[in-house]
2 protein chains.
Amino acid sequence: MRSPTIRDVAKAAGLSVAAVSRHLNRQIALPDETARRIDDAVQRLGYQPNVIARRLSRGSSETLAFITSDIAYPFFAAVASAAEAEAAALGYSLLIFNSRNEISRELSLLSRITDHQVDGAILMTNHVDDGQLGEAVRKARFVVLADEDVSGADVPRVFADNETGGALATRHLIATGHHRIAFIGGPRGLVSTEGRLAGFEMAMKEAGLPTEAALTRFGFYSEQAGAEAFRELMSMPEPPTAIFAIADLLAVGVISAAREMGVTIPDDLSVVSFDDIPYAHLLNPPLTTVHQSADEFGRVSARLLVDLIHGRSGSGERHSIPVKLIERGSVSAPPRSSSQDNSKRRQGDPSQTG
Amino acid sequence: MRSPTIRDVAKAAGLSVAAVSRHLNRQIALPDETARRIDDAVQRLGYQPNVIARRLSRGSSETLAFITSDIAYPFFAAVASAAEAEAAALGYSLLIFNSRNEISRELSLLSRITDHQVDGAILMTNHVDDGQLGEAVRKARFVVLADEDVSGADVPRVFADNETGGALATRHLIATGHHRIAFIGGPRGLVSTEGRLAGFEMAMKEAGLPTEAALTRFGFYSEQAGAEAFRELMSMPEPPTAIFAIADLLAVGVISAAREMGVTIPDDLSVVSFDDIPYAHLLNPPLTTVHQSADEFGRVSARLLVDLIHGRSGSGERHSIPVKLIERGSVSAPPRSSSQDNSKRRQGDPSQTG
DNA sequence: CTGAAAGCGCTTACAG
DNA sequence: CTGAAAGCGCTTACAG
C-alpha cells in the first residue's frame with residue numbers, strides 16, 4: 001500500500017531515476033519510445049510525485065500564502081477568492097490563512113516563507129505593528145502588503161485610494177445638506193483609518209465646515225464597535241445628522257443599533273460607508289458606500305507577489321486601487337427639525353476646527 | 001544569509017544533531033546546562049526548524065486542508081473560520097483551499113494528503129460525483145465530508161438535518177396560509193437538494209397539498225439561478241404565492257429579481273430559505289430562513305478529522321447538524337386576490353400529486 | 001544524451 | 001544517555 005516513488009517508476013521503465021525526473025519535469029526530450037515507457041509506468045503504478053520531497057530539494061513550492069485577519073468578513077473572502085484565481089492563472093497554488101488578527105499567528109505564518117513551505121505571502125493585517133511584524137516581513141522578503149501597512153517593511157504595497165474615498169463619501173453627505181457629520185473609524189494608526197480621516201477632514205474643510213472632536217470616534221473594526229459608537233453619538237446633546245462609517249462592517253453595526261433604538265435610516269440619520277461588500281445592495285437600507293474592487297485587490301496583489309518572487313517587481317512598488325461612490329438608499333437630506341439651528345448655536349465652540 | 005540549520009545549532013552548542021533534534025522535540029531530558037546551551041544557540045542563530053524537511057522525514061505535517069467550492073460565499077467562509085479555530089485548538093494548522101467546485105482542483109488538493117503535505121482534509125464539494133472523487137477520497141483516507149456527500153467514500157460525514165429543515169420551512173409557509181408553494185433547489189442528486197426536497201414533499205403531503213412538477217425547479221447554487229427560477233415561476237399562468245429557496249444564495253437571487261420586476265416580498269410573495277448567512281437579518285426583507293450553525297459545522301468537522309487521523313473515530317461516523325427556523329420578515333399571508341381560487345380550478349390537473 | 005551520486009534538512013532506529 | 005549514519009523522495013551538478 002506504500003505510494004510508488006520515482007524509483008519504482010524508474011525500475012518499471014528500466015531507466016534511471018534521473019531520466020525519469022527530467023522527463024517528468026520536461027527538461028529533456030527523450031526518444032518517443034522511451035518517453036512512452038515512462039508514461040506507461042507512471043500510469044500503471046499511479047505514481048504521483050511527492051511534492052514535499054521536491055520542495056525540499058528544489059527549495060521552492062509554487063505555493064503562495066494569503067494571510068487575512070478574518071476570512072469570514074465578506075470583503076476579505078472576496079479578495080482571497082480573486083487572489084486565488086490570479087495565482088492559479090500564474091501557476092501557483094494559494095493557501096488561505098486565518099490569522100484572527102493575532103500577531104503570533106501572522107509571525108508563524110510568515111515564517112513559512114523562510115521554511116520554503118510557501119514561496120511568498122500576501123499579508124492583510126489589521127492592527128498597528130509594534131515593530132515585530134515589520135521585522136518578520138523584512139526577513140521573509142517575498143511579501144506584499146495589501147489593504148493595511150506595516151511600517152519599515154521594504155516590500156510592495158496595494159492600498160485602496162483611502163483619501164479620495166473618504167472625501168467622496170463626505171462630499172456626498174455635504175451635498176445632500178448635512179453639516180453635523182460624524183466619523184466612525186477603525187483603530188488609529190491604520191492607513192485605512194488615517195487615509196479616510198484625511199479625506200473626511202479635507203472635504204469638511206473645503207466646505208468650510210468644522211470638525212468636532214466629539215464627532216470623530218475610533219475603535220476596532222467590528223459590528224459591535226460600530227453599534228457602540230452609534231449609541232454614544234446619539235446620546236450626545238446634539239447628535240449628528242449623518243455618519244461616515246469607514247467600513248461596511250461598522251455600518252452594519254450602526255444599522256442594527258439604529259433598528260433597536262427606533263431611529264430610521266435614512267429619514268432620521270444618513271449613513272455612508274466604505275468597502276461595498278457583496279450584499280451591500282440588498283441590505284435594508286441599501287448601503288450607500290465607497291466601492292473598492294475586491295477582485296482587483298486580489299489579482300493585483302497576487303501578480304505583484306509573483307513578480308517579486310521572479311525579481312520582476314521592485315520592493316518599492318505601490319499600487320493604488322481606485323474607489324468610487326455607489327449611491328443607494330442610506331442617505332437623504334437631514335430631517336427639518338434638527339441641528340441646522342443647533343450648529344449655528346455652537347459656532348463658537350473651541351473644539352471646532354476651521 | 002542562508003538560514004541556519006540544525007547542524008549549525010549542533011555545532012554552536014558543541015553537540016550532535018541528534019541531541020538537538022531530540023531536545024527540540026522534547027523526546028529527551030537533557031541536563032539543565034546542556035539544554036541551555038542548545039536554547040542559547042537557537043536564540044542566537046535565530047534557528048527555525050525547516051518544516052518541509054521535518055515533514056519529509058516524519059511523514060506528517062500537523063496541517064489540515066479545508067476544501068470549499070467557494071470561499072466567497074459567507075456561509076462557507078464562516079464554516080472555514082470555525083474549522084480553523086478548532087484545528088488550532090487541537091494543534092493543527094488549517095489551509096483553506098478554493099476549489100471553485102472544479103473536480104480537477106479537488107482531486108489535486110486531495111492528493112496532497114498522499115503527498116504528506118497535509119494530514120487530512122475537510123471536503124465541502126458542491127457537485128455530484130461521477131466516481132472520480134469517490135475513488136480519490138477512498139485513496140486519501142483521511143477525509144471528512146461536510147455539507148455534501150460523495151458516494152462510495154468510506155469516511156466520516158457531517159450534514160445538516162436537511163429533511164427536518166425542509167419540512168420546517170414548508171410547514172411554516174403552509175401555516176401562514178399558502179397552498180401554491182414553489183421549491184427552488186440546487187442540482188439534483190446533492191444531499192442538500194434531495195434532503196430538503198424530501199422535507200418539502202413530506203410537509204406538503206401532511207397538509208394534503210399537491211406537489212406540482214412545474215413548481216419544483218432545480219439548478220446551480222447561484223444568485224443567477226435563483227433569479228432565473230423566480231422569473232420562470234412568475235411567468236406561469238398561476239404563479240406560486242410562496243417560494244422555498246433552499247439556500248440563502250438562491251433567495252438573494254429571488255429578492256433581486258423580485259425587486260426588478262416590482263414584486264414586493266412578503267406582500268406579493270413569501271420566501272423562506274436555508275443557511276442563515278451572516279447578514280441575513282439585515283437584508284431587505286430580513287430573511288426568514290432555516291438556520292444551520294456554521295460554527296458547529298466547522299468545529300465538528302475538524303474534530304472528526306483529527307479523531308480519524310488518530311484512529312479515534314470510525315470511518316462510518318455520521319454527524320447531523322441541527323437546524324431551526326428563524327422567522328423574520330420575508331413571509332406573510334398570501335395576497336387575497338390570488339391562487340386560492342385558481343388552485344381549486346386546477347384540482348383535476350394530472351401533473352399534481354396526492 | 002544518460003546515469004551514479006551528492007545533497008536538501010530533518011528524524012530515528014541502531015549501536016555503543 | 002548519546003552519536004554516527006541511514007533514510008525520507010526528490011533534483012541536479014558532475015562525469016562519462
By nearest-heavy-atom nucleotide on DNA chain D, the more 5' of B:Ser16 and A:Arg7 is B:Ser16
May I have the distance from [X] (atom [atom1]) to [N] (atom [atom2]), rounded to whole angstrom?
| X | N | atom1 | atom2 | answer |
| --- | --- | --- | --- | --- |
| B:Glu33 | D:dC1 | CD | C1' | 16 Å |
| B:Leu56 | D:dA6 | CG | P | 17 Å |
| A:Asp8 | D:dC8 | CG | P | 11 Å |
| B:Arg112 | D:dG9 | CZ | P | 19 Å |

May I have all residue pairs that pass side chain to side chain donor-acceptor pair (under 3.5 Å) and include part of residues 29-41 of chain A, sequence neighbours excluded? A:His23-A:Asp39, A:Glu33-A:Arg37
In terms of ring plane angle, is the pair B:Tyr92 and B:His310 parallel, tilted or perpendicular, where the classes change at 30° and 60°? tilted
Partners of B:Glu102 by salt bridge (charged side-chain N to carboxylate O under 4.0 Å, His left out), sequence neighbours excluded? B:Arg100
Quantified in whole Å, what is the P atom distance between nucleotide C:dC14 and nucleotide C:dC10?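 The answer is 24 Å between these two P atoms.
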Whole-Å P distance, C:dA13 and C:dG9: 23 Å
Could you encode protein contacts along nucleotides 11-16 of chain D as a string, one character per nucleotide from 5' to 3', using B for base contact, S for sugar-phosphate-only contact and - for no contact, with a heavy-atom cut-off of under 4.0 Å? BBB---
Is any side-chain heavy atom of A:Ser93 closer than 4.5 Å to one of B:Arg112? yes
Is any side-chain heavy atom of A:Thr68 closer than 4.5 Å to a side-chain heavy atom of A:Phe97? no
Who pairs with C:dA15 - Watson-Crick or G-U, where each distance is under 3.5 Å: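 Per the H-bond distance test, D:dT2.
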Contact class for B:Leu30 (heavy atom, under 4.0 Å): base, sugar-phosphate, or nothing? sugar-phosphate
Roughly how far, to the nearest 0.5 Å, is the CD atom of B:Glu84 from the CD1 atom of A:Ile71?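 If I round to the nearest 0.5 Å, the distance is 10.5 Å.
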